[in-house]
Amino acid sequence: MNKILIARFSLVALLSILTATQLFAKKRDGIARNINIAGLVVDSKTLQPIEAANIYGADEQPLGKTDAKGYYKITLSFTADGEMKFKLKISKKGYNTIVQSEHWGSLSNGANALMYFGLDKAGASGSDSFSKLINNSVTDLGYSNVLKNFDSVKAGKTFADKLTEAKAGNQDVLIKIDDKLYIVDKTGWIVISSAKDSILINKKQSVIADHLNSTIKRKNIKSMTPLNLKNTKFAIYTK
């Protein structure tokens, strides 16, 4: 009888040990999930590098600091399963601080990414601050690759500045920038192929693109979208 009880006890103990080992293994798997981020911190107007900008994570945890080239590289570790949420705080004396919130879902193997930040000088009129994320299959987080990808960020910033200038002092919907035509609302834009493109307004009225500015005002647009129709390629909604 004692041998049977001992055998049963041993089996229960073994199962308990195996279960605990599996749970521990799962926790260890969670520790391996890292997000590696590299990028540049620059002046938002001049796009010149900012040295010694501090990068913090949750609860003001120091993650890194930029070098003389404005370059940084940091790692965020996630010890729990589930979605990967985090905040980055970028600060430098003499500049306004940026706080960037990110929600990357549940990535089983972590990720690599490039992130660029433009800081406004303290006391500057208006805001040109920006953050730009590039995380499509990035493997090289070295400075040379970070600098190479910064070209697209600079091009985007140049376009945004031109768009802001073109929208200043008017409520135009059709705008021309560098020989390209765009329909724009308060926050976004869509490039179109011709001033003769047909635009559908509120699913009822078709307007040739070069008549948009005399038909509707930019501030009244609720949304815009491309269409896959034979004669009408774009739609604008004001309701």
Exercise. Check the hydrophobic clustering (I, L, V, M, F, W, Y; side-chain heavy atoms under 4.5 Å; chains of links allowed) and say if V184 and L174 are grouped together.
Key: no
Quiz item: Quick one: side-chain hydrogen bond (donor to acceptor under 3.5 Å, both in side chains) partners of D161, sequence neighbours excluded?
Solution: K157
Exercise. Please identify each residue that fulfils salt bridge (charged side-chain N to carboxylate O under 4.0 Å, His left out) with D128, with sequence neighbours left out.
Key: K45
Quiz prompt | Residues forming a side-chain hydrogen bond (donor to acceptor under 3.5 Å, both in side chains) with N202, sequence neighbours excluded | solution = T238
Self-check item: hydrophobic_cluster_shared for I35 and Y56, side chain cutoff 4.5 Å
Solution: no
Self-check item: Counterpart residues, salt bridge (charged side-chain N to carboxylate O under 4.0 Å, His left out), relative to D59 (two or more places apart)
Solution: none
Quiz prompt | Co-membership, hydrophobic cluster, residues I199 and I175, 4.5 Å side-chain | solution = no
Quiz prompt | T158: side-chain hydrogen bond (donor to acceptor under 3.5 Å, both in side chains) partners, not counting sequence neighbours | solution = none
Self-check item: With K154 via salt bridge (charged side-chain N to carboxylate O under 4.0 Å, His left out) - residues at least two apart
Solution: D151
Quiz item: Do N231 and S198 touch side chain to side chain, with heavy atoms closer than 4.5 Å?
Solution: no
Quiz item: Looking at residues at least two apart in the chain, or sitting in another chain, which of them share a salt bridge (charged side-chain N to carboxylate O under 4.0 Å, His left out) with K219?
Solution: none
Quiz prompt | With sequence neighbours excluded, residues passing side-chain hydrogen bond (donor to acceptor under 3.5 Å, both in side chains) with S206 | solution = none
Quiz prompt | Pairwise distance CZ(F234) to CG(L200) - rounded to 0.5 angstrom | solution = 12.5 Å
Quiz item: Applying salt bridge (charged side-chain N to carboxylate O under 4.0 Å, His left out), which residue pairs with at least one partner in residues 165-189 are found, sequence neighbours left out?
Solution: K162-D178
Quiz item: Which residues satisfy the side-chain contact (heavy atoms from CB on, under 4.5 Å) test with L229, sequence neighbours excluded?
Solution: L227, T232
Quiz item: Tell me, which pairs form a salt bridge (charged side-chain N to carboxylate O under 4.0 Å, His left out) where one or both residues lie in residues 88-116, sequence neighbours left out?
Solution: E60-K89
Quiz item: Excluding sequence neighbours, so at least two apart, what forms ring pair (Phe, Tyr, Trp, His ring centres under 6.0 Å) with F159?
Solution: Y182, W189
Quiz item: When rounded to the nearest 0.5 angstrom, what distance separates CD1 in I236 from CG in N220?
Solution: 11.5 Å
Quiz item: Do L181 and D210 pass the side-chain contact (heavy atoms from CB on, under 4.5 Å) test, and can you show the C-alpha distance, the side-chain angles, and the key distance before you say yes or no?
Solution: CA-CA 10 Å; L181 292 169; D210 60 6; over 6 Å; no
Exercise. Check whether any side-chain heavy atom of F78 lies under 4.5 Å from a side-chain heavy atom of K85, and answer yes or no.
Key: no
